[in-house]
2 protein chains.
Amino acid sequence: MDTAERLIESTRELLWERGYTGTSPKAIQQHAGAGQGSMYHHFSGKPDLALTAMRRSAQELVAQADARMSGDGTAVERVSAYLLRERDALRGCRVGRMAMDPDVIDSPELRQPVRETFAWLRGRLAEIVAEGVAAGEFDTALDPRDTAAMITAVVQGGYVLARAEGSQEPFDRAVRGAVALLAARAPGK
Amino acid sequence: MDTAERLIESTRELLWERGYTGTSPKAIQQHAGAGQGSMYHHFSGKPDLALTAMRRSAQELVAQADARMSGDGTAVERVSAYLLRERDALRGCRVGRMAMDPDVIDSPELRQPVRETFAWLRGRLAEIVAEGVAAGEFDTALDPRDTAAMITAVVQGGYVLARAEGSQEPFDRAVRGAVALLAARAPGK
DNA sequence: GTCTATACGCTGATAGAC
DNA sequence: GTCTATCAGCGTATAGAC
């Protein structure tokens, strides 16, 4: 792994762990084993490096989520596969975490990958819910876009509960609660 | 409002806006119109002041939530009242925000009010869901604690979506999605 | 109680040598 | 490409005068 690559991966880890405000160029350099000059040779500064790292994390998240949601199975199964995917809830979401960072949210450039990620997630889930409604799996009273937002929110909020409690449990309960509610919505049940 | 009070309120505002890591003693002093010596006379340092501010925000949240959830009405109505309460989603949750701050989560003392707040919220909602199940409002297949975690998570996750998007809309969709799903869970429906 | 002075390391860079 | 030097300002206090 070359120096630029190590800097990006180090930034990804530190942004995950400490957020944007809590991550300094110096900490990134030490984690990457690179000097000051090296970092400023490859990147114009902290925002540039953070943006590169965030874009990569965003792409990774989309790819992983898409793999869960676009496989075989009914709509309920695919949504459940997304919700029940194993996650280390105490570490949180690499992308969602950025939404609480004022320096990220206040910068249109830095916010863009975060915005796009969640816009895509909500849109993709809404398609699947709509397919489920069309297939008779879900009650026609369910609004696909509202339901998709709810599903996305449960995961992100689950991280908050888990970190507050210092335990994975509230996260698992939240997603199980959502799956139970969704799975029972078949009109025939 | 005396000096100590202004320091606490200023800290509450800054913690809400910028988080713990992003809030410096200097910024607090300036916001409160107080000098260095003044702040260190009333509080031992940043953690002490932050803890005082966080405890107050936690109590406030519990009081407001309890008012929504302990009124008259069916279980569905009281849960919906909690979910649909008007919120400025772009500002986020004063308490939930702290869960993403590593310095808060890594300190048992600072984490305590955050942990207690969400433990209380999930417990209170679980009671109400259990009442709803007993009253025949909800399907007996619903696990009250899982459902309570899901409800709490939807609100916290809604804030993430709203801030990512720069709009209140995803938050409103998420809570409406949750209300629709819950309201439809009456066994007769 | 509040003020000013002082301190030391960190933040986020820039400049120029190698 | 990477290294070291240098910098102005901030973060988080402590000490002591008033």
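Naming: A, B, ... by sequence-line order, numbering from 1 per chain. Treat the numbers as computed from the prediction; the structure is a model and nothing was measured.
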**Report entry** Base versus backbone protein contacts along nucleotides 13-18 of chain D [heavy-atom cut-off under 4.0 Å; B, S, -]
**Finding:** BB----

Query raised in the report: Between Glu5(B) (CD) and dG1(C) (P), how many Å, whole number?
Result: 15 Å

Requested in this report: Return the set of residues passing salt bridge (charged side-chain N to carboxylate O under 4.0 Å, His left out) with Arg145(B) (not counting sequence neighbours), or none when no residue passes.
Outcome: none

Query raised in the report: Atom CD of Gln29(A) to atom P of dT14(C): distance rounded to whole Å?
Result: 13 Å

**Report entry** CG-CG distance between Leu161(B) and Leu121(A), expressed to the nearest 0.5 angstrom
**Finding:** 9.0 Å

Query raised in the report: For the helix from dG1(C)-dC18(D) to dC18(C)-dG1(D), what angle lies between the axis at the first five pairs and the axis at the last five pairs, to 10 degrees?
Result: 0°

Query raised in the report: How many Å lie between CD on Gln30(B) and P on dG9(D), as a whole number?
Result: 15 Å

Query - Length of the line joining Lys26(B):NZ and dC10(C):P, which is rounded to integer Å - result: 18 Å

Query - Strand contacts (DNA chain C) in residues 102-114 of chain B, 4.0 angstrom heavy-atom criterion - result: none

**Report entry** Salt-bridge contact Glu116(A)-Arg55(A) (side-chain N to carboxylate O under 4.0 Å)
**Finding:** no

Requested in this report: Please state how far atom CG in Asp48(A) lies from atom C1' in dG12(C), giving the value in whole angstrom units.
Outcome: 14 Å

Requested in this report: Without swapping roles, check the side chain of Arg163(B) against the backbone of Ala99(A) for a donor-acceptor pair under 3.5 Å.
Outcome: yes

Query raised in the report: Is a salt bridge present between Asp103(A) and Arg18(B), judged by a nitrogen-to-oxygen distance below 4.0 Å?
Result: yes

Query - Out of dG1(D), dT2(C), dC10(C), whichever nucleotide has its closest atom nearest the side chain of His42(A) - result: dG1(D)

Query raised in the report: Separation of Phe43(A) atom CZ from dG1(D) atom C1', in whole Å?
Result: 13 Å

Query raised in the report: Which sits closer to the 5' end of DNA chain C, Ala27(A) or Thr3(B), going by the nucleotide each is nearest to?
Result: Thr3(B)

Report task. Check the side chains of Arg122(A) and Thr152(A) for a donor-acceptor pair under 3.5 angstrom, ignoring hydrogens and angles. Result -> no

Report task. Could I get the full list of side-chain contact (heavy atoms from CB on, under 4.5 Å) partners for Ala67(A), not counting sequence neighbours? Result -> none

Requested in this report: Report yes or no: does Lys26(B) contribute a side-chain atom to a donor-acceptor pair with the main-chain N or O of Gln36(B) at less than 3.5 Å?
Outcome: no

Query raised in the report: Do any N or O atoms from the side chain of Trp120(B) and from the backbone of Val62(B) form a donor-acceptor pair under 3.5 angstrom?
Result: no

Query - Partners passing ring-ring contact (aromatic ring centres under 6.0 Å, His included) against Tyr159(A) (at least two apart in sequence or in another chain) - result: Phe171(A)

Report task. Determine whether the side chains of Arg124(A) and Ser70(A) contain a donor N or O and an acceptor N or O closer than 3.5 Å. Result -> yes

Query raised in the report: Is the shortest side-chain N/O distance from Ser38(A) to OP1 or OP2 of dG1(D) below 4.0 Å?
Result: no

Report summary line: note: Leu49(A), atom CG; dT11(C), atom P; distance rounded to Å ~ 15 Å

